[in-house]
Structure formats: C-alpha cells, structure tokens
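These values consider heavy atoms only, across backbone and side chains, with no hydrogens, waters or symmetry-generated copies. Residue numbers start from 1 in every chain, and the chains themselves are labelled A, B, ... in the order their sequence lines are given, proteins ahead of strands.
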Amino acid sequence: MSQEPTSNFIRTMIDEGLAGGHRQKLITRFPPEPNGYLHIGHAKSICLNFGLAESYGGRCHLRFDDTNPAKEEQEYVEAIKTDVRWLGFDWGEHLYFASDYFDQLYRWAVKLIQAGKAYVDSQSADEMRANRGSLTAPGVDSPHRERSVEENLDLFERMKKGEFPDGKHILRAKIDMKSPNMNLRDPAMYRILHAEHHRTADRWCIYPMYDFAHGQEDSIEGVTHSICTLEFEDHRPLYDWFVEQLEIHAPQQIEFARLNLSYTVMSKRKLLQLVTEQHVEGWDDPRMPTISGMRRRGYPAAAIRNFCEKIGVGKSYSWIDLSVLEESVREVLNQTAQRRMAVLEPLKVTITNYPTGQVEELQAPNHPQQPELGTRTLPFSRELYIERNDFMEDPPKKFFRLGPGREVRLRNAYIIRCDDVIRDDSGQVTELHCSADLDTLGKNPADGRKVKGIIHWVSADHATSVPVRLYDRLFNQENPDKAEDYLQVLNPDSLQMTEALAEPNLLNVQSGETLQFERVGYFCVDSKDSTAGAPVFNRTVTLRDTWAKMK
RNA sequence: UGGGGCGUCGCCAAGCGGUAAGGCACCGGAUUUUGAUUCCGGCAUUCGCAGGUUCGAUCCCUGCCGCCCCAGCCA
C-alpha cells in the first residue's frame, strides 16, 4: 500500500551533490506563509521535503515565512502545525519564523548599504513601475540611485524609527536596471508597513520583502536544499546574489512543478474567498481541497501521502485527475474501514413467509478480508428496507438485482424472490412482497441454482435514521481557473444533506471513525457535528461502481 | 518580440549514448454472500517536429513548433 519512493530529478541532484562531496548532510524545510490553511498542493511539498529528509537521514524544518504582517495571523500558524503533524511529519526542535530573523536581516540590509549595494529610493510605486521597463524594454535608473552611503544609512534608520508613512521610501538592491531578468532590476528589499505583526507586534514598521528574506533564512538555518516551486526559478539569481554579497552559506535551490488537481482551485486567495463569502462552511469544509477539509471528509493521512508519492515530482506542467486522489483514499480505506449496512433511498420489502414479530440475530463479518476484526449482529425481521435503485420493474438481463419474479441475495442473510409489486394511486412503487428461501442462510441453495445479485438491507423495526452528507466535487469545470469567473462554476450539488436508514450498530461509533456502507461508499463520522449517540456521517468517497459505468 | 523553464502511452512518470520501468485509466479473463476487494493477461518498433554527430540517440549538436512563468512597496 505504501509507495516505494521512485527516482526523480531532485533525488538525482541530491545524490550527485552527495557523491561530489559538496554536501555531507541533508537539511530541507517546509516554509509556508501563515496567511491561510494548507491545501493538497502544500501536502505535495511537505511530503517531498520531509520525505527527502527522512530517506537521506537528514532533517526538515518547519519555518513560517511571516514577512507580511498585513496578511498573516496566528490562527493560521496553529492550523498549519496541526496539519503537518497530522500528515505524519515531525520537525522536532526545528520550528522557526522569519520574524525571528528580523534583526539579522536588518543588519544585513545595513551591510549592503555600506557596501554600496543597496539604496533608499523615494519614488512612488507608480514611478518605480514605470521606470522598471517592460519585458522587452530595459528599465531606467532611479534618480535616487546614487545617494551617498551616509544618506542611505540615515534614511533607512529613519524608516526603521517610523519617521515616514507607508510607501514614502523603500530600500532597493542596486543590481542592474537593464537586466533581462526582471528580478534583478533593483528589487525591493524593505518596505515601510505600519502594521501590527502577529508575533513582533509593533516592534517594527519596516518589513523585509520575501525575496530579501527567504534565501537568507535558509542560509541561517543551514538548509542544504531549498526546494520550491517553478515560479521562483527566475528568482534564484537574486537569492544567489544576496548570499554572495553577504558572504554567507549558500543553499542549493531546486524548483519543481506545483500540483494542479482537476475540479478544484488551489490559490489561497480563492480558497480564502470561498471561506469569507461563505460558499463553503469554513477552511475545513469537507469539500475544500485543504488538509483540514480532507481530514474532516475522512481522507486518511496515509492516503494523502501515497497520493503524493504516486504522482511523482517533475518540472513539467502537470494536471492530476481528482480520481487519482480518490483512488488513493479507497486504497487505504478498503483495508482499514469496517463494513456496515445503510440504505440511502429506502424501498420497503415485506418477507411474506417470515413470521410477524420474529427477530433473528444474524452474524456479519466486520471485514470480509480480515476475520480478525470480528463480527457484529444484525437483526433480521419480516419488514425490511432495501435501496430503491436495487429494484427495477422491467430490468435488462444484465441487471443482477431485484425485479418481478427475480431472486437476489440479501447481504449476510437469505435469498429472496420478488413476488408482488405494490403501488400507490399514482403508480409509484411503494413496497415489494417477497418470499425468502429460508434454507440459504450462510449457504447456497440446495438445488444448485445460482443467484448472482447481492443487495444490502436494514430491518425496518430496528433501523435507525442518521444524518448523512453526500459530497461531490466543488466545481463543475475541470479547470475552474479557466472559467470567466470561477465562482460561476461552483457545483450547486456539491453538498446533499439526507438521512440514511442504518443498521443499529451505526449508532455505536467514534468521532472521526470511517466505515464502509457496503455497496455504497465510505463514510466518516463528522468530528464537528456529531454528538455521543448521534453521529452525523460525511461521505468520504463512493465505492468504484462498474455497473454505473456500464449504464 | 527580452529572460527563465518544460515537451516520453489518455493522465502522471522513470530513463542521462546500447536499443522504451512503474502507477492510474482503459480492455479482456478468474475468484468473490459488496457489480467492492483480490488475482492473472493485454496496453508506446516509439520518446513535440526536422536535420546532424555516432556502429548505435529518448538521451549529444543545430534549427523549428507548442505550452508555462516573470513587468507586487505579495509570497
């Protein structure tokens, strides 16, 4: 079930570095910005970074890149820690924050000013943009580019002291306004932001830009391999430049392609909008592609890890079908989930040759392939409910279920034959009269006739009604980002609230537990809305249904 | 049109000069008191295209085509 790590280009690069003697150990890091909850795309990065550290006997740090106080919150820090831990990874003592390095970063900025490698610019944001040039036209130098070291030092000091309003000045690296790489056209290093930071409160009113912070943070921590996504490939020369000017340890940056999953959006901005505008019930809504949403939906951590392993890692733009994730979930749940029976759309069945008032306690295995998981008792009586779509009045030959005159096996019980179809005034089928072959409990018919179909059922008098939420993909379009407005392609049927008639054992479950409703799907006891003795079930994923595909 | 990447089966993805791994999907067939699971078998003479180097190229060279990213005082 768990995947063997297959070779990939990152492992190859690491191996080469190790073999060449350039590196002795491996230190990676997962560096989220605490401005939202983690999603399945982050899981890919987490599994990659922690997985690498594990298999090379190194370690992986968890570091929060909290350089923008305007967007970051403590709530997100806690949620991210919970999610990484839940996925099964441990950063040990190595929990860090960019904000812990603010003093060092400030000193380094001063050092660059002193070396004539950075300057305070006083253009407006608009002017800076205009002077940056375009993709094909070089930029032009700022009129403030040649300020003296003394003046720069003074201005930067006063920026720090809070003498200026936001946007009045900005610290820039002095590199090359004509560089074909836009990132090298005197990028911003420090901006003035009179904002309360979730960890440093109001101690600072200037904050380093991600580009001036990230590489140095890795350097400080001794990170050997800085694994990040493709869009930072263009930034690598900048990070290398800072590290070289500062004469500090240089991590090796390696970029990989981020995950794209069909029928979902992955941008934090959009996920945040779904939450704040209440298109979903929160970050942990079971329809969300967030780790917390998947957890609540019932996806096992192992399934997510296996998924990340099986999709591999490369540099080509890739698009993974949602079904690959779902298949990973089934793979794990099939082995771990106990079996139960529940009927979603009930149709009454009366066993006409079964005595009124009689109740039999049948034994049913909790898992067909794992007898060690024991059995449970199932009450059987004259009146039952079966699934409405397990009956057809005029079934095709390939329909192995119930129809007039047809026989079917009741799962864990008897074989029954449909003798009569009862209708109401409108012609709707309301009930089936069936007769049971009472000599088929735990065995096949003595006369050797074959009964192919098996359907699930519950005893009418003993069944308990439980709330069930049927989830479906959040979006109707394979790539919601391609839509004019991604909110327009939200799937209106992504959540269907209903009730199921369940075997009595289903009242006896624990929060977060996942069970298989035989022939229907996997269902997880909702961790938020369930109470003792009153579980609410989330459909984690359906079972594979080749019959549905045949139709 | 400047720069940086990427192009191997429907979807991912190994391969790194010696003659195309694997997974998913799909198609057969077996077992099965879940049309589930499991199990067997099938599934790229071909690696974006065109040239070139070589005894030999998916791997090296040249040119072309296609796709992605970059002009935040976001990360």
Phosphate OP1/OP2 of [N] contacted by [X] side-chain N/O (<4.0 Å):
| X | N | result |
| --- | --- | --- |
| A/Ser323 | B/C24 | no |
| A/Arg544 | B/C26 | yes |
| A/Ser316 | B/A13 | yes |
| A/Arg172 | B/C73 | no |
| A/Arg330 | B/A36 | no |
| A/Arg185 | B/A71 | no |
| A/Thr6 | B/G23 | no |
| A/Lys549 | B/C26 | yes |
| A/Arg191 | B/C74 | yes |
| A/Ser7 | B/G15 | yes |

Is [X] touching bases, backbone alone, or none of the nucleic acid, heavy atoms closer than 4.0 Å?
| X | result |
| --- | --- |
| A/Met341 | nothing |
| A/Tyr190 | nothing |
| A/Leu441 | base |
| A/Asn444 | nothing |
| A/Ile311 | sugar-phosphate |
| A/Glu255 | nothing |
| A/Phe399 | base |
| A/Arg132 | sugar-phosphate |
| A/Ile320 | sugar-phosphate |

Identify the nucleotide, in any strand shown, that forms a Watson-Crick or G-U wobble pair with [N], with both distances under 3.5 Å; if there is none, say none.
| N | value |
| --- | --- |
| B/C47 | none |
| B/C39 | B/G29 |
| B/C60 | B/G52 |
| B/G66 | B/C6 |

When the distance from CH2 of A/Trp319 to C1' of B/C67 is rounded to whole Å, what number comes out? 14 Å

Cationic tip of A/Lys160 within the cone over A/Tyr106's six-membered ring, i.e. under 6.0 Å and within 45° of the normal? yes

Is the shortest distance from a Lys or Arg side-chain nitrogen in A/Lys174 or A/Asp186 to a carboxylate oxygen in the other one below 4.0 Å?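 So A/Lys174 does not pair with A/Asp186 through a salt bridge.
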
A/Glu345 and A/Arg388 ion-paired at < 4.0 Å: no

Residue closer to the 5' end of RNA chain B, A/Ser124 versus A/Pro368 (nearest nucleotide):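 In this pair, the answer is A/Pro368.
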
Specify the residue among A/His169 and A/Glu327 whose closest nucleotide of RNA chain B lies further upstream toward the 5′ end.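 It is A/Glu327, whose closest nucleotide lies nearer the 5' terminus.
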
Between the base of B/A36 and the side chain of A/Gln369, is one N or O donor paired with an acceptor at under 3.5 angstrom?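 It does, because a donor-acceptor pair links the side chain of A/Gln369 to the base of B/A36 below 3.5 Å.
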
For A/Glu503 and A/Asn505, run side chain to side chain donor-acceptor pair (under 3.5 Å): C-alpha distance rounded to whole Å, both residues' side-chain angles, the deciding distance at 0.1 Å, then the answer. CA-CA 6 Å; A/Glu503 61 169 275; A/Asn505 300 297; 2.5 Å; yes

Using the six-membered ring wherever Trp is involved, compare the ring planes of A/Trp283 and A/Tyr37 and label them parallel, tilted or perpendicular (cut-offs 30° and 60°).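 Ring orientation of A/Trp283 relative to A/Tyr37: parallel.
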
Check the side chains of A/Gln273 and A/Tyr486 for a donor-acceptor pair under 3.5 angstrom, ignoring hydrogens and angles. yes

